[in-house]
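Treat the numbers as computed from the prediction; the structure is a model and nothing was measured. Heavy atoms only: backbone and side chains are in, while hydrogens, waters and symmetry mates are out. Order of appearance sets the numbers: ligands from 1, and atoms from 1 within every ligand.
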Amino acid sequence: MKLIQVEDYQDMGKKAAEIILDRVRNTENIVLGLATGGTPISTYENIVQDHQTNGTSYQHVTSFNLDEYIGVRPDHPNSYHTFMYKHLFHHINIPQEKIFLPNGMAEQQQECRDYEQRIREHGGIDLQVLGIGENGHIGFNEPGTAFDSTTHVVDLAESTRQANARFFESMEDVPKQAITMGIGSILRSKEILLLIAGEAKSKALAKLLDKQVDEQFPASALHHHANVTVIADKAALQTQMSTHH
Ligand code: PGA
């Protein structure tokens with residue numbers, strides 16, 4: 001696991017975009033795994049800006065998103081589908097038919113099997129972008145999820161619902177379930193880029209850097225992967241600094 005330290009959230013976005021753009025420019029028919037949430041927004045802003053200034057093309061890019069809420073229509077303002085179009089897909093030239101997110105309105109078990117199958121049919125994910133939850137979740141794989149799990153339905157942890165409540169009108173509106181790629185699906189990606197910024201994530205980062213592998217801390221599964229880069233800002237790294245200096 002390689003650690004890149006950056007100053008702040010904006011710098012994290014610049015560094016992450018730099019790595020993603022390098023792979024996009026240099027890989028034929030690249031398959032990206034993408035994430036939603038507050039974490040990747042500055043990364044997407046940099047990607048969009050680059051597209052506008054340098055014209056980097058996404059005609060050859062396929063993307064699979066990590067997760068989607070169940071029972072939320074794709075065109076709902078809070079769906080991850082809407083998030084991705086708003087922050088990225090509307091602003092770059094990725095072909096519509098190469099964009100994949102789990103469908104939270106489909107028959108669930110069938111959708112899980114189909115999603116996993118679609119990823120395989122595209123040759124697997126070349127570069128997976130990940131955030132991390134305060135409880136160590138990756139995608140919506142909450143503590144206790146098997147490391148060999150494939151795309152599946154999850155009941156969201158109460159802490160996760162609370163963390164996401166800021167995007168909804170009230171707590172009752174926050175979905176209780178989601179479809180997520182599994183930890184096994186994530187580990188099959190050829191390369192993984194984990195983004196961590198902000199003080200709220202400092203405990204999770206400290207735990208990850210502790211290198212103990214534990215199913216109760218999903219992100220620790222990444223220690224089983226040979227090509228993981230973590231980009232972390234100072235605020236997230238503060239626990240390390242106060243412990244080691
Ligand atoms: P965040 O979520 O980027 O909104 O902090 C990350 C996650 O929970 O995986």
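- Below 3.5 Å of separation, one finds an N or O of T39 facing an N or O of ligand 1.
- Ring-centre distance between H122 and F64: below the 6.0 Å cut-off.
- Atoms of ligand 1 found under 4.0 Å from any heavy atom of G38 (numbered from 1 in listed order, with element): 1 (P), 3 (O), 4 (O).
- For a threshold of 3.5 Å applied to N or O pairs, the pair formed by G139 and ligand 1 contains no separation below that value.
- Counted by atom type alone, Q49 and E45 present zero donor-acceptor pairs between their side chains at under 3.5 Å.
- In summary, the atoms of ligand 1 found under 4.0 Å from a heavy atom of G37, numbered by their order in the structure, are 3 (O), 4 (O).
- A centroid separation of less than 6.0 Å is found between the aromatic rings of Y80 and Y69.
- Between the side chains of S185 and E116, a donor-acceptor pair is found at a separation under 3.5 Å.
- Proximity of K201 to ligand 1 is established by a heavy-atom distance of less than 4.0 Å.
- Near R166, the atoms of ligand 1 lying under 4.0 angstrom from a non-hydrogen atom of the residue are 4 (O).
- Atoms of ligand 1 lying under 4.0 Å from any heavy atom of H137, numbered from 1 in the order shown and given with element: 7 (C), 8 (O), 9 (O).
- Counting heavy atoms closer than 4.0 Å to ligand 1, residue I132 contributes backbone atoms (N, CA, C, O) but none from C-beta onward.
- D50 and N46 share no side-chain donor-acceptor pair at under 3.5 Å.
- For an aromatic pair to be called close, the ring centres must be under 6.0 Å apart, and H87 with Y44 fails this.
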